[in-house]
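These notes are about the structure you will find just below.
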Amino acid sequence: MSNRECGPASDGREHISGLLMRMGIVGDDPAVYMALHRAEKFADKDKPVLIQGESGTGKELFARAIHYLSKRSRKPFEDFQPSACPEALVGNELFGHYAGAFTGAGGFRPGIIDRAAGGTLFLDEVQSLSPALQVELLRILDTQEYRPLGGGARRRADVRIVCACNVDLLSLVEAGTFRHDLYYRMAWARIEVPPLRERRGDILLLADHFLEKSILEGGGTRKLLSEGARKALLAYQWPGNVRELASTIQSAATMVEGDEICAEDLEFPGQRDELLLLPLDQAVADSTRQFVGRYIRELLAMYNGNMARVAETACLDRSSIYRLIREHGIEINTYRRSIAM
């Protein structure tokens, strides 16, 4: 079967926008619309779906969208990541066990497949399944049955299976490390979730979303991103994708005392790797500038904007402090709120 789908018509974008909001997926990029459009198309087919995308792109959100748009939406949604579990325990977690399956197994214990009965089972990083478990997953997809550990009777696997991987799974098939028959069986339908660097128009939209969310959850004062911060967010390549962006914004919202987040307040978890791509003098200059801006801001916050105390601590004259404030676009009045005028 061909998986080529026409994109949503212009009069259908409003419908897709509504779905994006309902599913908690933030974005206005055409590739995001296409991914959700495909998820909606496949939702009621009750067939396996493979979601591909780099780590941190939000594959689980699309899996949940498939579940909640399907006829199984009133039943459980269970997610399991085999790579996060010791290999020897993965089968037990998935299938459960009968009494006597191993030392200490005193009775029947249902696995995740049982807990997801009638609903959807989301298997993340499916490429980490051992060859033996790949065979078991293929058997479930073919027969809708499985056998818990311990050799007892087979049980019905009434689940819709949605898999995800953060690598090119077809290349693993070609390399012989992933079963080709399992790949084609579970990839009845495929959805590609784009990396953040390929949907750059969504970066600021997502940043504002995470900033608002952080403030609502943390109960802090309202904050805005400065123009410099917005430029820095757009210039960064986001190797950790949406997850890294969320972490960066939430960290800045927590640390900044004032009502504006500036470029120097942003700590990019992947920045070290990017610095290694620069000439040494430029890498040193970029790192130094970021540190100096953060240093001056923290002193201003510590002393409530008292310039004499800031200059004394930094061992600089006040004119040098004012110069640094101008160079880094720092709004000094932000730090003077508690000083009587």
Side-chain angles (χ1 to χ4, degrees), residues 55-56 195-197 200 203-204 206-215 217-218 220-339:
S55 294
L196 188 55
R197 64 181 175 276
R200 306 198 70 82
I203 291 175
L204 297 183
L206 283 159
D208 288 335
H209 167 76
F210 291 129
L211 183 57
E212 184 71 20
K213 182 179 178 181
S214 179
I215 293 168
E217 292 177 351
T221 58
R222 183 171 180 80
K223 297 178 174 66
L224 297 174
L225 292 164
S226 73
E227 187 62 29
R230 290 177 174 272
K231 289 179 179 178
L233 292 172
L234 290 172
Y236 187 56
Q237 291 302 304
W238 300 108
N241 292 295
V242 177
R243 186 183 296 128
E244 183 184 5
L245 175 58
S247 175
T248 299
I249 294 298
Q250 289 161 1
S251 176
T254 300
M255 295 302 297
V256 171
E257 298 291 339
D259 58 6
E260 185 177 59
I261 296 173
C262 296
E264 291 81 6
D265 301 317
L266 300 172
E267 298 181 7
F268 299 113
Q271 186 70 54
R272 181 178 299 173
D273 292 336
E274 289 205 337
L275 289 174
L276 293 176
L277 301 177
L278 299 175
L280 178 59
D281 57 347
Q282 186 178 344
V284 170
D286 286 359
S287 297
T288 301
R289 176 177 172 78
Q290 291 176 27
F291 172 78
V292 170
R294 189 173 298 113
Y295 176 80
I296 296 299
R297 288 176 185 282
E298 291 184 2
L299 287 183
L300 287 168
M302 181 185 303
Y303 296 123
N304 293 320
N306 186 317
M307 297 298 292
R309 297 291 304 277
V310 170
E312 180 183 0
T313 301
C315 295
L316 294 171
D317 56 50
R318 292 177 66 171
S319 62
S320 296
I321 297 296
Y322 277 114
R323 176 178 56 78
L324 290 172
I325 286 173
R326 289 194 301 273
E327 288 179 359
H328 291 273
I330 298 172
E331 178 52 63
I332 191 171
N333 290 331
T334 300
Y335 301 93
R336 287 177 166 169
R337 289 179 174 175
S338 60
I339 300 177

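For the single chain, residues carry numbers from 1 onward in sequence order.
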Please round to the nearest 0.5 Å and tell me the distance separating atom [atom1] of [X] and atom [atom2] of [Y].
X	Y	atom1	atom2	result
N304	E257	CG	CD	9.5 Å
L245	Q250	CG	CD	9.0 Å
R323	I296	CZ	CD1	9.5 Å
I261	L266	CD1	CG	7.0 Å
H209	L211	NE2	CG	11.0 Å
E212	E217	CD	CD	10.5 Å

[X] side chain to [Y] backbone, donor-acceptor under 3.5 Å:
X	Y	answer
N241	P195	no
T248	E244	yes
S214	F210	no

Measure across Y303 and T313 and return the closest heavy-atom pair with its distance rounded to 0.1 Å. OH-OG1, 3.0 Å
Between A232 and A263, the two heavy atoms sitting closest are CB-CB, 4.2 Å
Any side-chain heavy-atom pair from [X] and [Y] closer than 4.5 angstrom?
X	Y	result
I321	L299	no
I325	M307	yes
I249	L233	yes

Give me the one residue out of K223, E260, R297 that meets side-chain contact (heavy atoms from CB on, under 4.5 Å) with D265. R297
Apply side chain to side chain contact (heavy atoms under 4.5 Å, CB included) to the pair Y295 and L324, showing each step before the final yes or no. CA-CA 10 Å; Y295 176 80; L324 290 172; over 6 Å; no
For R200, the side-chain hydrogen bond (donor to acceptor under 3.5 Å, both in side chains) test, sequence neighbours excluded, returns none
Contacts of S319 that satisfy side-chain hydrogen bond (donor to acceptor under 3.5 Å, both in side chains) - sequence neighbours left out: D317
Could you name each residue pair satisfying salt bridge (Lys or Arg N to Asp or Glu O under 4.0 Å) that touches residues 229-243, not counting sequence neighbours? D208-R230
